[in-house]
Amino acid sequence: IIGSQLSGDFVLPENQDIKCVFIAGGIGITPFRSMIKYLLDTKQKRDITLLYSDKTPKSFVYREIFDEAKKQLGFKIIYTATDVNSISDNWDGCTGRITPELIKATLGNYGEHKFYISGSQSMVNGVKKMLKEIKVKEENIITDYFPGLN
């Protein structure tokens with residue numbers, strides 16, 4: 001067993017005025033759950049939008065924490081299910097993958113935001129490429145992926 005100190009750059013910015021977008025695919029929601037729970041516990045209001053994509057509406061986890069952050073802290077949360085065949089008539093989220101159109105419609109002036117992306121390596125790479133194509137600056141994109149997931 002090898003241990004080391006905590007490190008990495010997948011953390012909230014120290015400057016609480018920076019607008020953030022969390023983009024999660026599947027299990028990639030895990031680090032965002034920790035960040036949002038911390039903000040709830042410390043009652044920190046920040047301008048954060050969560051775009052959370054998973055296969056089916058039943059796949060979304062931690063909704064109670066995210067709904068509480070929406071209620072208490074004013075977070076904007078968009079759920080999008082990618083398996084359109086699994087969606088019932090009462091689904092109130094979006095369908096399909098996260099697209100430039102969804103980002104633009106959700107954020108407006110998205111160039112002012114810092115983007116955090118977490119999920120499988122292919123999802124993270126695809127979203128990062130998409131963000132660069134819509135002219136998000138490289139320094140405003142922070143990534144974390146789960147090895148072994150496609």
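Since the structure is predicted, the reported quantities are computational estimates derived from the model, not experimental observations.
Following chains of ILVMFWY side-chain contacts shorter than 4.5 Å, one can reach Tyr145 starting from Met130, so the two form part of one hydrophobic cluster. Ile18 and Phe115 fall into different hydrophobic clusters, where Ile, Leu, Val, Met, Phe, Trp and Tyr side chains are chained together by heavy-atom contacts under 4.5 Å.
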*asked:* Go through it in stages, so that I can follow the logic: the residues are Leu39 and Phe75, the test is side-chain contact (heavy atoms from CB on, under 4.5 Å), and I'd like the CA-CA distance, side-chain angles, deciding distance and then a yes or no.
replied: CA-CA 11 Å; Leu39 294 172; Phe75 285 12; 3.6 Å; yes

*Determine, stepwise, if the pair Ile36 / Leu73 fulfils side-chain contact (heavy atoms from CB on, under 4.5 Å).*
CA-CA 10 Å; Ile36 292 171; Leu73 305 176; 5.8 Å; no

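To the nearest 0.5 Å, atoms CG (Leu51) and CG (Leu107) are separated by 6.5 Å. Note that the CD1 atom of Ile78 and the CZ atom of Phe66 stand 13.5 Å from one another [nearest 0.5 Å]. To the nearest 0.5 Å, atoms CG (Leu131) and CD1 (Ile117) are separated by 5.0 Å. Between atom OG of residue Ser118 and atom CZ of residue Phe10 there is a gap of 4.5 Å, rounded to the nearest 0.5 Å. Rounded to the nearest 0.5 Å, atoms CG (Leu12) and CD (Gln44) are 7.5 Å apart. Annotation: the span from Glu101 atom CD to Thr106 atom OG1 amounts to 11.0 Å, rounded to 0.5 Å.
Within the 4.5 Å cutoff, no side-chain heavy atoms of Tyr62 are placed close to those of Phe32. Side-chain contact between Pro13 and Cys20 is present, with heavy atoms from C-beta onward closer than 4.5 Å. Residues Asp144 and Val124 fail the side-chain proximity criterion, which asks for heavy atoms closer than 4.5 Å. The shortest side-chain heavy-atom distance between Thr143 and Val127 does not fall under the 4.5 Å cut-off.
When atom types are taken as modelled, the side chain of Tyr116 and the backbone of Val11 share a donor-acceptor pair closer than 3.5 angstrom.
For the residue pair Leu40 and Ile65, the shortest heavy atom distance occurs at CD1-O, 3.6 Å. Pairing each heavy atom of Gly28 with each of Pro31, the nearest pair is O-CD, 3.3 Å. Residues Asn140 and Gly111 come closest through the heavy atom pair ND2-O, 4.0 Å. In plain terms, the two heavy atoms of Glu14 and Arg46 that are nearest each other are O-NH2, 4.3 Å. Ala24 and Ile98 make their closest contact through O-CD1, 4.5 Å (heavy atoms, listed as atom of the first residue, atom of the second, distance). Counting all heavy atoms, side chain and backbone alike, Asp67 lies closest to Ile77 at N-CD1, 4.3 Å.
Among residues at least two apart or in separate chains, side-chain hydrogen bond (donor to acceptor under 3.5 Å, both in side chains) pairs with a member in residues 49-58 are Thr56-Ser59. Applying the side-chain hydrogen bond (donor to acceptor under 3.5 Å, both in side chains) test to residues at least two apart or on different chains, the pairs with a partner in residues 18-37 are Lys19-Glu112, Lys37-Asp41.
With a 6.0 Å radius and a threshold of 12 heavy atoms from other residues, nucleotides or ligands, Arg63 has its CZ atom above the threshold.
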Side-chain donor-acceptor pairs under 3.5 Å in residues 132-139, sequence neighbours left out?
from: Lys132; atom 1: NZ; to: Glu138; atom 2: OE1; distance (Å): 2.7
from: Glu138; atom 1: OE2; to: Lys128; atom 2: NZ; distance (Å): 3.2

